[in-house]
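Ligands are counted one by one from 1 in listed order, and the atoms in each one are counted from 1 as well. All values below were derived from every heavy atom in this structure, side-chain atoms included, with hydrogens, water molecules and symmetry-related copies excluded. Treat the numbers as computed from the prediction; the structure is a model and nothing was measured.
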Amino acid sequence: MKNSLYKKSLLSLKDINKNEIKKILLLSKKLKYLKKINKQKSFLNGKKIVSIFELNSTRTRCAFEISAFDQKINITNLDVKNTHMGEKESIEDTIKIFNCMYDAIQYRGPSHKIIKEIKKYSTIPVWNALTDKYHPIQILSDLLTISEYSKYKENFSKINLAYIGDCKNNIANTILEASNILDIKINMISNKKFLPSKKEINYIINSKKNKHTKIFCTEDKEKGLKNIDFIYTDTWLSMNQNFRELDKKIKLLKKYQVNKNLLEKTKNQDIKILHCMPAIHDEKTELSKKIFKKFNIKNGLEITDDVFNSKNSLIFEQVKNKIYVIQAIMILSLKKSVIF
Ligand code: CP
Ligand code: NVA
């Protein structure tokens with residue numbers, strides 16, 4: 001069977017179609033199962049990838065390293081500060097060097113423009129591990145989690161998802177892309193300042209039509225949470241965002257915090273909670289201590305600690321799934337034909 005993902009890059013979900021997403025999820029599930037029964041398979045013996053993190057990462061970076069290990073890939077982890085890239089050598093020259101040495105490039109950085117430039121000069125697949133605009137690996141992992149916990153399985157057009165909080169960040173953008181490709185019903189819930197405009201939605205999903213029957217933006221929590229199966233939220237302070245703007249943001253987003261009260265509005269005992277993490281849910285980090293003190297916050301910012309740790313939370317299931325999705329992406333973009 002022809003593998004249409006072979007040699008493909010993944011900068012955003014727009015780079016792949018519905019069948020390709022389904023194929024990634026199917027292979028991820030298979031890999032997860034094989035690992036569970038201790039019959040792991042390596043498809044990429046001897047391949048080499050270079051992994052560049054210009055921004056901090058825990059989950060994605062660890063998942064890349066574990067995936068590389070499981071697939072017997074050699075991985076070079078580069079901290080840009082320790083290379084010549086951007087300082088003494090252009091992105092163009094750096095990528096041309098990588099083309100001579102590696103089979104693929106993984107990149108996380110502060111600007112989507114940079115990864116686009118990397119792709120421009122790359123003759124090998126480029127995988128986006130987060131930019132200011134998109135986080136496709138995260139949302140593919142989350143789709144896997146959703147399909148595992150929904151009675152509709154991979155029948156995504158039946159799923160009702162609400163994304164609440166900062167609806168203008170990389171996670172929200174990628175959820176919009178997923179909704180468009182897989183026909184998922186998505187309610188974006190926030191203050192209007194943090195909701196995408198029709199124009200922004202058209203740009204994100206690459207559509208000229210002004211009609212997205214399945215994307216609904218609202219400031220009204222009751223409306224937005226009706227008949228919802230999954231609630232997704234993300235930090236109100238993304239890596240590219242300014243701490244100084246948090247004050248205004250908290251005032252506008254306070255009522256959109258994911259807490260017990262908000263869950264009750266769904267009238268769904270079985271409501272599932274998603275968060276890509278890092279989350280500001282307790283006072284155990286330097287950043288959260290600073291935020292709690294400065295803004296007189298007692299119990300979490302975008303999500304409360306009790307909900308974060310509740311039985312409804314799938315947050316640590318999301319973490320596990322990244323390993324398999326990354327491996328599936330690696331295999332499908334580096335192997336001409338894959339039989340699984
Ligand atoms: N969710 C996510 O991408 O986590 P990291 O920043 O830890 O990689
Ligand atoms: N929106 C968050 C996602 C972290 C995985 C950020 O960009 O920091």
### Query
Can you find an N or O of N170 that's nearer than 3.5 Å to an N or O of ligand 2?
yes
### Message
Can you confirm whether the side chains of N321 and E148 place a donor and an acceptor under 3.5 Å from each other?
### Response
yes
### Query
Tell me, which protein residue and heavy-atom name are nearest atom 3 (C) of ligand 2, and how many Å apart are they?
D234 OD2, 3.7 Å
### Message
Please list the nearest protein heavy atom to atom 6 (O) of ligand 1 with its residue and the distance rounded to 0.1 Å.
### Response
R108 NH1, 2.8 Å
#### Entry: D166 and ligand 2 - part of the residue with a heavy-atom distance under 4.0 Å
neither
### Message
Measuring only between side-chain heavy atoms, which start at C-beta, is W127 closer than 4.5 Å to I49?
### Response
yes
### Task
Assess the side chains of N128 and Y134: does a donor N or O sit below 3.5 Å from an acceptor N or O?
no
### Message
Below 3.5 Å, N or O to N or O, backbone or side chain included: is there any such pair between T235 and ligand 2?
### Response
no
### Message
Do the side chains of K96 and E92 get close enough for a salt bridge, i.e. N-O under 4.0 angstrom?
### Response
yes
### Query
When only distance counts, is C276 in polar contact with ligand 1, meaning an N/O pair under 3.5 Å?
yes
## Note on the structure
closest protein heavy atom to atom 4 (C) of ligand 2 is L130 CD1, 3.8 Å
### Task
Any atoms of ligand 2 less than 4.0 Å from a non-hydrogen atom of N169? List them with their elements.
1 (N)
### Where ligand 1 meets H135 - atom numbers and elements under 4.0 angstrom, heavy-atom basis
2 (C), 3 (O)
### Query
With a 3.5 Å cut-off and no angle check, do the side chains of D220 and T218 form a donor-acceptor pair?
no
### Message
Below the 3.5 angstrom mark, is there an N/O of N240, backbone or side chain, next to an N/O of ligand 2?
### Response
no
### Query
Considering distance alone, does some N or O of M239 sit under 3.5 Å from an N or O of ligand 2?
yes
### Query
Charged N to carboxylate O under 4.0 angstrom, E317 versus K320?
yes
### Task
Please could you name the atoms of ligand 1 that M277 approaches to less than 4.0 Å, counting only its heavy atoms?
1 (N), 2 (C), 4 (O)
### Query
Hey, does R61 come in under 3.5 Å of ligand 1, counting only N/O atoms on both sides?
no
### Task
Would you check whether Q138 reaches within less than 4.0 Å of ligand 2, judged by its heavy atoms?
no
### Task
Do me a favour and list the nearest non-hydrogen protein atom to atom 4 (O) of ligand 1 with residue, atom name and distance?
R59 NE, 2.7 Å
### Query
Which of the atoms in ligand 1, numbered in the order shown and given with their element, are less than 4.0 Å from a heavy-atom of Q138?
1 (N), 2 (C), 3 (O)
### Query
Any sub-3.5 Å donor-acceptor pair from D183's side-chain atoms to S157's backbone N or O?
no
### Query
With a 3.5 Å cut-off and no angle check, do the side chains of H281 and D305 form a donor-acceptor pair?
yes
### Query
Got a donor-acceptor contact below 3.5 angstrom from the R108 side chain to the L55 backbone?
no
### Message
To check your reading of the model: name the closest protein heavy atom to atom 2 (C) of ligand 1, its residue, and the distance in Å.
### Response
K322 NZ, 3.2 Å
### Message
Please tell me whether N38 and K36 have a donor and an acceptor in their side chains that are separated by less than 3.5 angstrom.
### Response
no
### Task
Show which atoms of ligand 1 fall inside a sub-4.0 Å distance from at least one heavy-atom site of T58.
5 (P), 7 (O), 8 (O)
### Query
When you measure from the side chain of S179 to the backbone N and O of I184, does any donor-acceptor pair fall under 3.5 Å?
yes
